There are 2 protein chains.
Amino acid sequence: MTQIKTQKLSASLEDYLEAIFNLAAKNAVARSKDIADQLAVSRASVTGALRALSKKGLIHYKPYDVVSLTEKGRVEAGRIIRRHTVLESFFKDILGLNPQLARESACRAEHALGQRVVGRLMKYIEFATIQTSAGNSRASEFAHFCKTQG
Amino acid sequence: MTQIKTQKLSASLEDYLEAIFNLAAKNAVARSKDIADQLAVSRASVTGALRALSKKGLIHYKPYDVVSLTEKGRVEAGRIIRRHTVLESFFKDILGLNPQLARESACRAEHALGQRVVGRLMKYIEFATIQTSAGNSRASEFAHFCKTQG
DNA sequence: TAATATAGTATGTTTTGCCTAACAATGCAA
DNA sequence: TTGCATTGTTAGGCAAAACATACTATATTA
């Protein structure tokens, strides 16, 4: 029992939570209108999502009030953001894709990959970033890296 | 104008096409029942999907008959299979994830990534597989590899 | 304080993808 | 060749996620 998992969020609710996190980080609070703009979705859709997130205990939501994350929501949002960041970094820094495409791809891929994969990918990025040479195969270097750094 | 693109398939239609390709490769023909089993959906759902794929000109479909791919469908299925294979290989051979998780992750991620990303990823796998040593950074080696092999 | 602009909500519809249950076709076996 | 099991289709529904339109609440400001 490594972690208590929040009953899994749908891809779209993850997007909403991510947007709320980002807006709150930038503007101190998140307003419904801004969420709608950021996700290019109607205000009506946002209301529905906010209610869903609230029911799951991830945000503080009261009609006509600003939105903020609960503790649980902050944790969950952190996970989501980390996933996004790792993927974007991989696409950009490792594969060398242009930033625009890297970001888009990260957005679309992030909902498909679980903790284990993302964790491993993160390690791989570290590995690939740090490591610069050596006489053995990539695979064995990476395996070794995982063991020693893990 | 490098390619005429089939109006984009939904994730689920891609899955159906992939399953049809695999079944046809294995059994010579694809039957509705087998598709349903492979994708773990009801037979009724398969009928709906077959109609959709047929309307897009990707399969030959007639009620109560076996299913086969059109030329267009074969091309499209090839793309999808390649994408899947590349991802699965990356997760398994590069990240070193267990085969089971690698396959699952590939299934879920494959719908999120476009040609450009998959192409680049494929090159990266080649690179990482072939390359065993050298004195320069991974990034520059890969960039060089892309230029020379590109 | 009343008018108006802005923000939020309710309602009803659409699309997509799946389901179950009932019905139809096919084909094998007695 | 009749009869039953298997396979395929149809019909009817449900749920998620989005939208547009219309209405309500709040805030601003004249």
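Worth knowing before you read on, the calculation uses all heavy atoms, side chains too, and leaves out hydrogens, waters and symmetry mates. Quantities reported herein were computed from a predicted structural model and do not represent experimental measurements. In what follows, chains are A, B, ... by sequence order, proteins preceding strands, each numbered from 1.
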**Q** Using a strict threshold of under 4.0 Å (side-chain N to carboxylate O), is an ion pair present between B:K56 and B:E76?
**A** no
**Q** Could you tell me whether A:S12 contacts a base, only the sugar-phosphate backbone, or nothing, with contacts defined as non-hydrogen atoms closer than 4.0 Å?
**A** sugar-phosphate
**Q** So, OP1 or OP2 of C:dC18: does either fall under 4.0 Å of a side-chain N or O from B:Y16?
**A** yes
**Q** I need the CZ-C1' distance between B:R31 and D:dT9, as an integer number of Å.
**A** 16 Å
**Q** Over all strands shown, is A:A40 touching base, sugar-phosphate only, or nothing at heavy-atom distances under 4.0 angstrom?
**A** sugar-phosphate
**Q** For A:R116 and B:L101: C-alpha separation, side-chain torsions, deciding distance, then whether side chain to side chain contact (heavy atoms under 4.5 Å, CB included) applies.
**A** CA-CA 9 Å; A:R116 298 256 301 286; B:L101 181 56; 3.5 Å; yes
**Q** With A:A52, which residues qualify under side chain to side chain contact (heavy atoms under 4.5 Å, CB included), at least two apart?
**A** A:L13
**Q** Counting the atoms with a prime plus P, OP1 and OP2 as sugar-phosphate, which does A:S32 contact under 4.0 Å by heavy atoms, base, sugar-phosphate, or nothing?
**A** sugar-phosphate
**Q** Look at the side chain of A:R31 and the backbone N and O of A:V66, then say whether any donor-acceptor pair between them is shorter than 3.5 Å.
**A** no
**Q** Tell me whether the OP1 or OP2 atom of C:dT9 has a side-chain N or O from A:Y61 closer than 4.0 Å.
**A** yes
**Q** Students often get this wrong, so: under 4.0 angstrom with heavy atoms, is A:V41 touching a base, only sugar-phosphate, or nothing?
**A** sugar-phosphate
**Q** Between D:dT6 atom P and B:I35 atom CD1, what is the distance in whole Å?
**A** 20 Å
**Q** What integer distance in Å separates B:K33:NZ from D:dA5:C1'?
**A** 12 Å
**Q** OP1 or OP2 of D:dA18 less than 4.0 angstrom from a side-chain nitrogen or oxygen of A:S45, does that happen here?
**A** no
**Q** Show the numbers, then the answer: is there a ring-ring contact (aromatic ring centres under 6.0 Å, His included) between A:F90 and B:F90?
**A** CA-CA 13 Å; A:F90 175 78; B:F90 175 77; 5.3 Å; yes
**Q** Please state whether the phosphate of C:dG8, meaning OP1 or OP2, lies under 4.0 angstrom from any side-chain nitrogen or oxygen of A:T47.
**A** no
**Q** Are any of A:R43's side-chain N or O atoms less than 4.0 Å away from OP1 or OP2 of C:dT9?
**A** no
**Q** Reading DNA chain D from 5' onward, which residue's closest nucleotide shows up sooner: A:S10 or A:A44?
**A** A:S10
**Q** Does the side chain of B:R51 get closer than 4.0 angstrom to OP1 or OP2 of D:dT10 through an N or O atom?
**A** yes
